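Note that the structure is a prediction, hence the values are computed from the model and not measured. Just so we're on the same page: letters track the sequence lines, and every chain starts at 1.
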Protein chains: 2
Amino acid sequence: MIFSKSCEYAIRAVIYIAHQSRNGKKVSIREVAQGIDSPLHFIAKILQYLSKRNIIQSTKGPNGGFYLDKRAMKQTLEDVVIAMDGDQVFEGCALGLRYCSESRPCPLHEEFKQIREQIRYSLQSTTIAQFAEEDAHKPILKR
Amino acid sequence: MIFSKSCEYAIRAVIYIAHQSRNGKKVSIREVAQGIDSPLHFIAKILQYLSKRNIIQSTKGPNGGFYLDKRAMKQTLEDVVIAMDGDQVFEGCALGLRYCSESRPCPLHEEFKQIREQIRYSLQSTTIAQFAEEDAHKPILKR
DNA sequence: TAAATAAAGGAGTTTTTTATCTTTTTTATG
DNA sequence: CATAAAAAAGATAAAAAACTCCTTTATTTA
């Protein structure tokens with residue numbers, strides 16, 4: 001698995017919220033959980049964390065919920081991934097070797113450097129805003 | 001992390017054993033653990049498992065240890081990874097969605113299909129035998 | 001054949017990740 | 001201001017992954 005479960009849920013949630021908030025609509029924890037088919041209480045924690053990290057926004061009380069402001073819409077999936085899993089996805093050695101680096105590469109270094117770069121590139125070039133567009137995700141996330 | 005810790009150790013161990021067994025030398029658990037800087041008892045379990053799965057060979061008793069026969073040398077790193085982590089590394093959806101497939105792709109499907117293919121290709125094109133060669137891994141695994 | 005060596009096997013423990021439940025705080029509105 | 005709606009916070013719990021220890025079995029060799 002490239003991303004942790006938390007990170008997978010986070011990405012799915014951000015995509016869902018982006019899509020739902022295209023008309024300024026806010027969504028509750030319950031809606032997110034149903035919309036992306038994730039455990040209610042677990043996604044609650046994740047949303048709370050993403051909110052604290054300013055990846056998403058939230059307001060309490062009636063008509064409150066989670067949404068994305070303009071600034072947040074400009075972020076990329078890379079930001080979400082880094083918030084959740086840090087940058088070992090892009091930086092870490094495939095063999096888990098601490099010493100591994102450009103100057104002292106492990107046997108798989110060159111191969112995986114490319115792979116990591118491609119992962120980073122893919123995530124960098126996908127902005128959250130793209131998911132807000134009308135049928136940006138015809139294949140809906142749920143089920 | 002692309003691979004599990006067990007898988008990382010497994011790859012490192014196989015590379016190490018391949019290199020050591022280039023003159024028919026067998027290596028003990030202790031040697032492997034030191035050689036690749038891994039927990040002794042943990043790598044013992046992994047080697048045991050790899051041996052049962054016929055990824056590596058072993059003999060008991062004095063002068064025994066782990067080694068690789070001709071057939072094993074012809075395997076690729078893909079075989080090692082599949083033995084340890086199964087094929088979700090190559091097959092699974094980046095967002096952990098069960099429904100995700102060619103006919104019903106998730107929003108990141110196409111991007112990650114390429115990434116997974118590249119991972120598979122890299123591992124397929126790296127045979128164990130390559131690591132047996134004299135300075136196939138100048139940057140030694142240890143430390 | 002006894003002793004030593006080395007892996008195999010079985011049975012834990014610890015740590016991390018994933019998941020749940022309950023209480024508190026904030027906010028809107030009748 | 002009372003009530004309800006919603007997220008924030010805190011405290012556990014369950015499951016999985018990582019890691020350890022002890023006993024058994026197989027093999028060599030003196």
- [ ] Kindly determine whether B:Glu110 and B:Glu102 satisfy side-chain contact (heavy atoms from CB on, under 4.5 Å), including the steps that lead there.
- [x] CA-CA 9 Å; B:Glu110 284 308 315; B:Glu102 279 311 291; 4.3 Å; yes
What closest approach, in Å, do [X] and [Y] show between heavy atoms, and which atom pair accounts for it?
| X | Y | value |
| --- | --- | --- |
| B:Leu68 | B:Val14 | CD1-O, 4.0 Å |
| B:Asn63 | B:Lys26 | O-CD, 3.6 Å |
| A:Asp37 | B:Arg98 | OD2-NH2, 3.6 Å |

Open item on the list: Do B:Met1 and B:Ile46 land in one hydrophobic cluster if side-chain heavy atoms of ILVMFWY residues count as linked below 4.5 Å?
Closed with: no
Task: B:Phe3 with B:Tyr121, same ILVMFWY side-chain cluster at under 4.5 Å - done: no
Can you measure [X] atom [atom1] to [N] atom [atom2] for me and round it to whole angstrom units?
| X | N | atom1 | atom2 | value |
| --- | --- | --- | --- | --- |
| B:Met1 | C:dT16 | CE | P | 12 Å |
| A:Asp85 | C:dT16 | CG | P | 16 Å |
| B:Ile29 | C:dA8 | CD1 | C1' | 9 Å |
| A:Gln57 | C:dT27 | CD | P | 15 Å |
| A:Arg30 | C:dC21 | CZ | C1' | 13 Å |
| A:Glu31 | D:dA7 | CD | C1' | 13 Å |
| B:Ile56 | C:dA6 | CD1 | P | 16 Å |

Task: Donor-acceptor contact present, side-chain A:Gln20 to main-chain A:Val27, <3.5 Å - done: no
Task: Residues forming a side-chain contact (heavy atoms from CB on, under 4.5 Å) with A:Ser101, sequence neighbours excluded - done: A:Ser103, A:Arg104
- [ ] Give every residue pair that meets the ring pair (Phe, Tyr, Trp, His ring centres under 6.0 Å) criterion with at least one member in residues 30-69 of chain B, sequence neighbours excluded.
- [x]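 Qualifying pairs: B:Tyr9-B:Phe42.
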Task: Contact residues, residues 46-54 of chain B to DNA chain C [heavy atom, < 4.0 Å] - done: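 B:Gln48, B:Ser51, B:Lys52 - these, ordered by number, are the residues of the stretch whose heavy atoms sit under 4.0 Å from the strand.
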- [ ] Can you measure from CD1 (B:Ile128) to OG1 (B:Thr76) and round to the nearest 0.5 angstrom?
- [x] 6.5 Å
Open item on the list: Heavy atoms only, 4.0 Å cut-off, all strands: where does B:Val32 land among base, sugar-phosphate and nothing?
Closed with: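 No contact at all - B:Val32 keeps every heavy atom at 4.0 Å or more from the nucleic acid.
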Open item on the list: Each nucleotide in nucleotides 24-30 of chain D should get exactly one letter: B, S or -. Can you fill that in based on protein heavy atoms under 4.0 Å?
Closed with: -BBBBS-
Open item on the list: Using a 4.0 Å heavy-atom cut-off to protein, can you give one letter per nucleotide of nucleotides 18-23 of chain D, 5' to 3': B if the base is in contact, S if only the sugar-phosphate is, - if neither?
Closed with: SBBB--
TODO: Enumerate the residue pairs fulfilling side chain to side chain donor-acceptor pair (under 3.5 Å) with a member in residues 84-96 of chain B, sequence neighbours excluded, ordered by first and then second residue.
DONE: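 Every side chain to side chain donor-acceptor pair (under 3.5 Å) pair that includes a residue of residues 84-96 of chain B, provided the two are not neighbours, is B:Ser4-B:Asp85, B:Glu91-B:Arg120.
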